[in-house]
Amino acid sequence: MMDGIALRRALIEKEYGFLNEQQRQAVFQIEGPLLVLAGAGSGKTSVLTNRIAYMLRYGDAYHAKADPCFSGEQIRHLEACLETGLDQQARAWLAESPVSPHELLAITFTNKAAREMRERLERLAGEEASGVWVSTFHSACCRILRRDIEKIGYSRSFTIYDDEDQLGVIKECLKTLNLSDKDFAPREIRARISGAKTLVQSPEELMQVAGDFRTRKIAELYAAYEERLRKMNALDFDDLLLKTLQLFADHPPVLEHYARRFRYILVDEYQDTNRMQYLFVHLLARRSQNLCVVGDDDQSIYGWRGADISNILDFEKDYKGCQTIKLEQNYRSTNGILSAANAVIGNNLSRKKKELWSAKGEGEKAKYTRLSDEMEEAGYICGEILTLRGQGLPFGEMAVLYRTNAQSRVLEERLVFSGIPYSVYGGLRFYERKEIKDVVCYLRLCANPADDVALRRVINEPRRGIGEATVESLAAYARQSGETMLGAAMDAEQVEGLAARAKAALSGFGQLMGQLLAHKELLGPAEFTAKLLELTGIRAQYDKDEDESRARFENIGELLGAVAEYEKMAETPTIEGFLEEAALVADVDGLREGTGSVTLMTMHSAKGLEFGAVFVTGMEEGLFPGTRAIFDEEKLEEERRLCYVAITRAKERLFFTNATRRMLYGAPQHNRPSRFLDELPETLVEREDRSAPWPSELRRSRARGEERENKERRELPRAGETPALRKPSQVNMAAGADFGVGDAVRHRRYGQGMVVKLQGDVAHVAFPGLGIKEFDLRFAPMEKA
DNA sequence: ATCTTACCGATTTTT
DNA sequence: TCGGTAAGAT
């Protein structure tokens, strides 16, 4: 007969019998650090949610050393349960000091992941689940900061700036520092500042490590940027984490409070954490050591935005006594697809070895097809899509993946032409639309009168005759009087050097804001927003009989709907609360699932999704892997991981395509097939070359017997006409040197190459590792080497 | 102040 | 090729 401990274990194992051995191990291991290396499609979310549900219900019952001391009657009942399954009674007896919901913190990267986890958890654990903090890094930090940010010198009503707002601030800073946005592209500055913040580097620290003039200037910009943000009581997305770290560092009792509270912490997608996120988790978990991280180093594809893969690779070093569990059984794909994925990723050196397998059969072979150009590629894909549809696969189960968004256009054209329903993922999100952002900025200005960025945006929206010059005078006045711009606008009469008309316009705006602020006190968020639309004239502005106006106002209607929805849901609804939701939960109109259309998206955004059939397009050197990755081993490995992610999205069917010749950014490219294709074993892929010896548009026009127009298209050399007989003036006018086939050349961007073909003004130049590119010699920044 | 035309530059993206 | 932005016209 079993003892109490063994019986308890047996029962709990039975209760979680739907999980595999490794998954169960991960669920039951709740004390101490735990690293779960979850391969693609290995049931990671299931482990995460079941682990939480297990903790809430059973505590540490599986590993508990204390004898449960069951009575004879209990034992009889429980043993019966071993056969029949557990009932409520049995479950209650098994529990061993269950974890309380408020001791749990589960962190994800995206709102979508948080929502999914919360939903699944509620299904598993019911009511109790609502007490668990399931949130993104950013919203967890936001919550912490709303409580205590005053301790580090911000007001609790701080505003969150998105990247567009950031650019505005950076442009302002460039002016103050007298720097040109030509030399310091605002987007680059933003990336550099974000990079520094991600490394938890202050402006001073950046200045200290700055080796060159440029970086020193960037450090100055960073300092100015920080100062501006602080004045405006605003935080950017990085600040949500950074300021939380600062709060923890400067006020240990605050950290103490959360570290004590969150005895159990789970982090999803750990391979994507950056330094700030690592530290945040580390600080909270240092005391309890009950930290469970789940991730897959092979799916780390966000290194370029600060994700530090060594966080997951070094977890075992950081957390002594850590348990590591690998989930290698895949529940998504056929073995053929998994072997392809394993083969590709096996070429990476810095990784934890994993080998995916599945209980599904071998499945259909993957198919690689080489086409002539991107139009042919798109056409081929449409053909295959229709075939698959004919075989009964719904459109909604198919995805076309590409490396860059620019590739989607041609695909879309062909899909429309073929009458295939599709939806493109990516592009402008709801809260980034102009009309929405305008309204949101009015709301923001009402919530935080110091939000000068919002003011600049709305002060002349709709048009009320306040131009750039007026705004700059206002800003100057505000700067020297130490007021906010709104404050300055409210006593516009004081502002010097302004025409009477400008002053009048400014005070008009000031009065408008005064009215709005008064109404804000009296009305609920939804009513207030409606009022705002009237008073500002936004409603009137869009009240025109044009399609665009109507569409934009419809969006505003949706925004009103979102405010009303928020008002219904929130305990104490406020404009501030709504704005926080809008800033952090930007996916009101995310990808509509189950719409029965083919999905077009980048390989990056496909992470976490799955489809019956997947097309991985543009498999070309220079595109995938991209030019920048080819000479950089680390970047190349990240591209390879991206390839792995793309492949593992497929459940049943997998297609690779590429084109001999591709128009990219208006310039024709000739790329060799991607090296990732070479890494796929011959036995796993069926290869077909459908590329034509001539460019397809040429073939088409020939077939139609058309005359080729000379303007854009180049003439092919005709028989009897050699390049040497061409008028010299047409050859290399600007280049100043005569090029011939076989010449070594140096291109400003691509470096050393060799001319392989000359057609009039067009030279075909081969670059090692990059393939052949075509240049118009009259303009190409290229010289003889 | 606002509208129109010439340029430049260009992975990947969430919060 | 496309879109966003900067200088020029009205």
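Here is the naming used below: chain letters follow the sequence lines, and residue numbers restart at 1 for every chain.
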Respond yes when some side-chain nitrogen or oxygen of A:S605 is under 4.0 Å from OP1 or OP2 of B:dT13, and no when none is. yes

Counting heavy atoms from C-beta on, name the nucleotide in B:dT11, B:dT13, B:dT15 closest to the side chain of A:N111. B:dT15

Sugar-phosphate only, base, or nothing, as touched by A:Y665 at under 4.0 Å among non-hydrogen atoms: base

Return a single string for nucleotides 2-10 of chain C, one symbol per nucleotide in 5' to 3' order, where B is base contact, S is sugar-phosphate-only contact and - is none, cutoff 4.0 angstrom on heavy atoms. S---S----

Check the angle between the aromatic planes of A:Y258 and A:F248 and answer parallel, tilted or perpendicular using the 30° and 60° thresholds. tilted

Here's a test of your reading of the structure: between A:D163 and A:A406, which maps to the more 5' nucleotide of DNA chain B? A:A406

When rounded to the nearest 0.5 Å, the distance separating CD of A:Q277 from CG of A:N274 is 3.5 Å

Answer yes or no for this row: A:W304 ring on B:dT12 base, centroids under 5.5 Å, planes under 30°. yes

Are A:Y402 and A:V616 close enough that some pair of their side-chain heavy atoms sits under 4.5 Å apart? no

Main-chain N/O of A:D373 paired with A:E376 side-chain donor or acceptor, under 3.5 Å: no

Has A:R429 got a side-chain N or O lying under 4.0 Å from the OP1 or OP2 atom of B:dT14? yes

Is the ring centre of A:H138 less than 6.0 Å from the ring centre of A:F109? no

Tell me whether the side-chain N/O atoms of A:Y425 come closer than 4.0 Å to OP1 or OP2 in B:dT14. yes

Could you tell me whether A:D236 contacts a base, only the sugar-phosphate backbone, or nothing, with contacts defined as non-hydrogen atoms closer than 4.0 Å? nothing

Indicate, with a heavy-atom threshold strictly under 4.0 Å, whether A:Q277 touches base, sugar-phosphate, or nothing. nothing

For nucleotides 1-6 of chain B, just jot down a letter per nucleotide in 5' to 3' order: B, S or -, based on protein non-hydrogen atoms under 4.0 Å. SSS---

Mind telling me whether B:dT12 is syn or anti, cutoff 90° either side of 0? anti

Where is the tightest heavy-atom contact between A:R649 and A:L401, given as atom of each residue plus distance? CG-CD1, 4.3 Å

Angle class for the A:Y302/A:W304 ring planes (parallel below 30°, perpendicular above 60°, tilted otherwise)? tilted

What's the shortest heavy-atom distance between A:P673 and A:E621, and which atoms? O-CG, 3.4 Å

Do the side chains of A:K437 and A:D162 get close enough for a salt bridge, i.e. N-O under 4.0 angstrom? yes

Please tell me if A:T602 has a side-chain N or O lying less than 4.0 Å from either OP1 or OP2 of B:dT13. yes

